[in-house]
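Working notes, structure below.
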Amino acid sequence: ADQVVNASPDLVDPDFTDLVTTLPHDQQYSFVFNGSAQVLDHIVVSAGLLARLSRFAIARNDADFPEVFRNDPNRPERLSDHDMPVAYFTLPEPTPPVLHLPANITAEATSPGGAVVSYDATATDARDTNVVVTCAPASGALFALGATTVNCSATNSRNKTAEGSFSVTVVDTTAPVIVLGGVTNGATYILGAVPVASCSTTDSATGVAVQATLSIAGGTANGVGHFTATCSGAVDGAGNHALPVSAGYDVHYVFSGFLTDLSPDGPDGKTFKVGSTIPVKWQLQNAQGAFIVTPSSVNTIQVAPDPSCIAGQEGLAVDANFTGNGLKENNDRFQFNWKTTGLAAGCYAFLLPLDDGTVNSAVVKLR
């Protein structure tokens with residue numbers, strides 16, 4: 001330190017290595033001055049680079065040759081007054097970037113053209129950042145039904161390219177859509193004003209191969225009661241079968257009330273004598289106002305004791321001796337001759353069940 005202008009501590013750890021020191025002692029020179037071999041030219045390496053050193057030598061071009069060569073244009077020796085140190089290193093081969101692709105993708109078709117599919121494709125590199133990945137077809141493209149191979153590649157600044165691929169398979173596993181039109185589930189319609197039920201079938205991907213067909217079950221021969229309309233049998237181009245779609249609805253007559261005054265006594269009430277025959281009359285119509293007088297529209301007529309004289313609180317119903325002779329059909333109405341023989345005085349519910357599933361009732365008081 002007392003012999004240099006600016007002394008400093010050892011700042012390198014681990015120490016660098018002067019490759020001249022790796023040569024045999026008698027080869028550790030690159031310059032000769034006045035017969036004195038010296039080293040003026042050095043290659044200094046770190047420990048990491050030293051591990052990759054494959055050879056070090058000093059190319060002899062100066063001191064080992066006669067001085068007269070310096071002036072001979074035909075000789076390369078003595079062109080320089082220094083010998084050239086040369087180091088050889090074994091460096092790692094440049095590597096391509098690493099592709100990061102999603103696994104194979106399965107997507108549901110959304111149109112006859114297939115499906116729009118988005119995916120992620122990235123790459124990492126030991127040296128470069130933001131390495132661009134190019135794929136075809138690109139993310140967000142429309143992929144056709146079936147399997148499509150997506151080919152991707154990325155090239156780094158050392159012109160090393162990585163390539164990879166994955167598949168996008170577009171399938172149609174969605175059954176066609178059936179719409180049951182016309183009737184509404186849970187609705188009640190009047191005879192003669194029932195909407196026409198219909199079926200329509202659509203499929204957004206592979207199209208409709210077999211349209212749904214309509215079937216209607218239930219009801220009576222008179223066209224009333226509870227019905228179930230069902231659309232079934234639809235198949236799309238991929239062979240997907242649609243589940244049946246059904247709607248249940250009721251069809252009733254128009255019943256305008258009893259034409260016979262059956263109301264029990266009160267301020268203006270009415271009573272009937274036990275043993276008398278009460279002619280009970282009513283009308284049934286369709287939506288167009290036409291009268292229905294078909295005998296099969298009336299089920300077995302019943303009566304039930306009703307001590308409270310309040311409709312809806314009757315007791316156990318019994319047959320009201322309904323026979324074909326007891327029910328009459330005139331031009332626009334029904335008449336049932338209710339024989340009250342054998343009944344005790346009190347209130348009764350007269351029950352008129354129709355084949356449309358409804359039961360119409362009225363409270364009658366016998367004295």
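For the numbers below, each heavy atom of this structure counts, side chains included, while hydrogens, waters and symmetry mates do not. Please read all numbers here as calculations on a predicted model, not as lab measurements.
A distance of 12.0 Å separates CG of Leu262 from OG1 of Thr271, quoted to the nearest 0.5 Å. From Ile301, atom CD1 reaches atom CG of Leu351 across 10.0 Å, with rounding to the nearest 0.5 Å. Remark: Arg158 CZ to Asp128 CG distance equals 5.0 Å, nearest 0.5 Å. Once rounded to the nearest 0.5 Å, the distance linking OG of Ser232 with CD1 of Ile178 reads 7.0 Å. The line from CG of Leu19 to CG of Leu50 is 7.0 Å long, rounded to the nearest 0.5 Å. If you take CZ on Phe350 and CD on Gln302, they are separated by 10.5 Å, rounding to the nearest 0.5 Å.
A perpendicular orientation is assigned to the rings of Trp338 and Tyr348, their planes being inclined by more than 60° (bins at 30° and 60°). In this pair, Phe31 and Phe33 present their aromatic rings parallel. The plane angle is below 30°, not in the 30 to 60° band.
Side-chain contact check for Gln28 and Asp26: no donor-acceptor pair (N or O, by modelled atom type) lies under 3.5 Å. Side-chain polar atoms of Thr90 and Arg52 form no donor-acceptor pair below 3.5 angstrom. Side-chain atoms of Asn222 and Asp355 form a donor-acceptor pair, as typed in the model, at a separation below 3.5 Å. No side-chain N or O of Asn159 forms a donor-acceptor pair with one of Ser157 less than 3.5 Å apart. Looking at Asp41 and Ser30, their side chains do bring a donor and an acceptor atom within 3.5 Å of each other. One side chain, Glu108 or Thr174, offers a donor N or O that lies under 3.5 Å from an acceptor on the other. Of the N and O atoms on the side chains of His100 and Thr124, at least one donor lies less than 3.5 Å from an acceptor on the other residue. His226 and Asp250 are linked by a side-chain donor-acceptor pair at a separation below 3.5 angstrom, with hydrogens and angles left out of the test.
In this structure, Val224 and Val251 approach most closely via the heavy-atom pair CB-O, 3.3 Å. Across every non-hydrogen atom of Thr122 and Val133, the tightest pair is C-CG2, 3.5 Å. For the pair Ala349 and Asp306, the tightest heavy-atom approach, listed with the atom from each and the gap, is N-CB, 4.2 Å. When every heavy atom of Val293 is checked against every heavy atom of Arg333, the shortest pair comes out as CG1-N, 3.9 Å. Minimum heavy-atom separation, Asp125 to Thr95: OD1-O, 4.1 Å. Between Val183 and Ala229, the shortest heavy-atom distance links the atoms CG2-CB, 4.2 Å.
Annotation: Arg70, atom CZ; neighbour count of heavy atoms from other residues, nucleotides and ligands within 6.0 Å is above 12. More than 12 heavy atoms of other shown residues, nucleotides or ligands fall within 6.0 angstrom of atom CG in Asp15. A 6.0 Å sphere centred on CG of Leu243 holds no more than 12 heavy atoms belonging to other residues, nucleotides or ligands.
In this structure, Gln288 contributes its side chain and Gly192 its backbone to a donor-acceptor pair below 3.5 Å. In this structure, the side chain of Thr206 engages the main chain of Gly237 through a donor-acceptor pair within 3.5 Å. Not one N or O on the side chain of Thr228 forms a donor-acceptor pair closer than 3.5 Å with the backbone of Ala217. Although no hydrogens or angles enter the test, the distance criterion places a donor-acceptor pair under 3.5 Å between the side chain of Thr260 and the main chain of Pro279. For the pair Asp62 (side chain) and Arg78 (backbone), a donor-acceptor distance under 3.5 Å is absent. Of the possible polar contacts, one joining the Asn104 side chain to the Ser167 backbone as a donor-acceptor pair under 3.5 Å is found. Put simply, the side chain of Asn240 gets close to the backbone of Asp172: a donor and an acceptor are under 3.5 Å apart.
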>> Between Thr213 and Gln211, is the side chain to side chain contact (heavy atoms under 4.5 Å, CB included) condition met? List the steps.
In response: CA-CA 6 Å; Thr213 57; Gln211 293 281 346; over 6 Å; no

> After noting the C-alpha distance and the side-chain angles of His42 and Asp18, does the key distance pass the side chain to side chain donor-acceptor pair (under 3.5 Å) rule?
Replying inline: CA-CA 7 Å; His42 303 269; Asp18 185 351; 2.7 Å; yes

>> Assess the residue pair Asn337 and Ile278 against the criterion (side chain to side chain contact (heavy atoms under 4.5 Å, CB included)); give the C-alpha distance rounded to whole Å, side-chain angles, the decisive distance to 0.1 Å, and a yes or no.
In response: CA-CA 6 Å; Asn337 294 321; Ile278 304 174; over 6 Å; no

>> Run Leu366 and Lys273 through side chain to side chain contact (heavy atoms under 4.5 Å, CB included) and show every step you take.
In response: CA-CA 5 Å; Leu366 301 180; Lys273 186 177 180 180; over 6 Å; no

>> The test is side chain to side chain contact (heavy atoms under 4.5 Å, CB included); show your working for Asp261 and Ser263 and say whether it passes.
In response: CA-CA 6 Å; Asp261 184 7; Ser263 58; 2.9 Å; yes

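Under the ring pair (Phe, Tyr, Trp, His ring centres under 6.0 Å) criterion, the residue pairs touching residues 118-162 are Tyr119-Phe166, with sequence neighbours excluded. Identified under the side chain to side chain donor-acceptor pair (under 3.5 Å) test for residues 137-154, with sequence neighbours left out: none.
Annotation: side chain of Phe291 is not in contact with side chain of Leu284 (no heavy-atom distance under 4.5 Å). The side-chain heavy atoms of Ile216 and Tyr249, taken from C-beta on, include a pair separated by under 4.5 Å. Looking at Thr358 and Tyr253, their side chains never come closer than 4.5 Å, going by heavy atoms from C-beta outward. In this structure the side chain of Trp282 reaches within 4.5 angstrom of the side chain of Val298, judged on heavy atoms. Taking the side chain as every heavy atom from C-beta outward, Val45 and Leu53 never approach each other to under 4.5 Å. The shortest distance between side-chain heavy atoms of Gln283 and Asp332 falls below 4.5 Å. Considering only heavy atoms from C-beta on, Thr17 stays 4.5 Å or farther from Val44 through its side chain. Side-chain contact check for Leu352 versus Phe334: every heavy-atom pair is 4.5 Å or farther apart.
Between Lys160 and Glu93 there is a salt bridge, since a side-chain N of the basic residue sits under 4.0 Å from a carboxylate O of the acidic one.
The salt bridge (charged side-chain N to carboxylate O under 4.0 Å, His left out) check on Lys281 picks up nothing, with sequence neighbours excluded.
Hydrophobic clustering (side-chain heavy atoms under 4.5 Å, transitive across Ile, Leu, Val, Met, Phe, Trp, Tyr) keeps Phe16 apart from Val39. Using a 4.5 Å cut-off between side-chain heavy atoms of Ile, Leu, Val, Met, Phe, Trp and Tyr, with links allowed through other members, Val210 and Val179 fall into different hydrophobic clusters. In the hydrophobic cluster analysis, where Ile, Leu, Val, Met, Phe, Trp and Tyr join through side-chain heavy atoms closer than 4.5 angstrom, Val98 is grouped apart from Val131. Hydrophobic clustering (side-chain heavy atoms under 4.5 Å, transitive across Ile, Leu, Val, Met, Phe, Trp, Tyr) groups Phe65 together with Val68. Under the 4.5 Å side-chain heavy-atom criterion for Ile, Leu, Val, Met, Phe, Trp and Tyr, Val235 and Leu145 are members of distinct hydrophobic clusters.
Judged by a 6.0 Å distance limit and a 45° cone about the ring axis, Arg60 is positioned over the six-membered ring of Tyr29.
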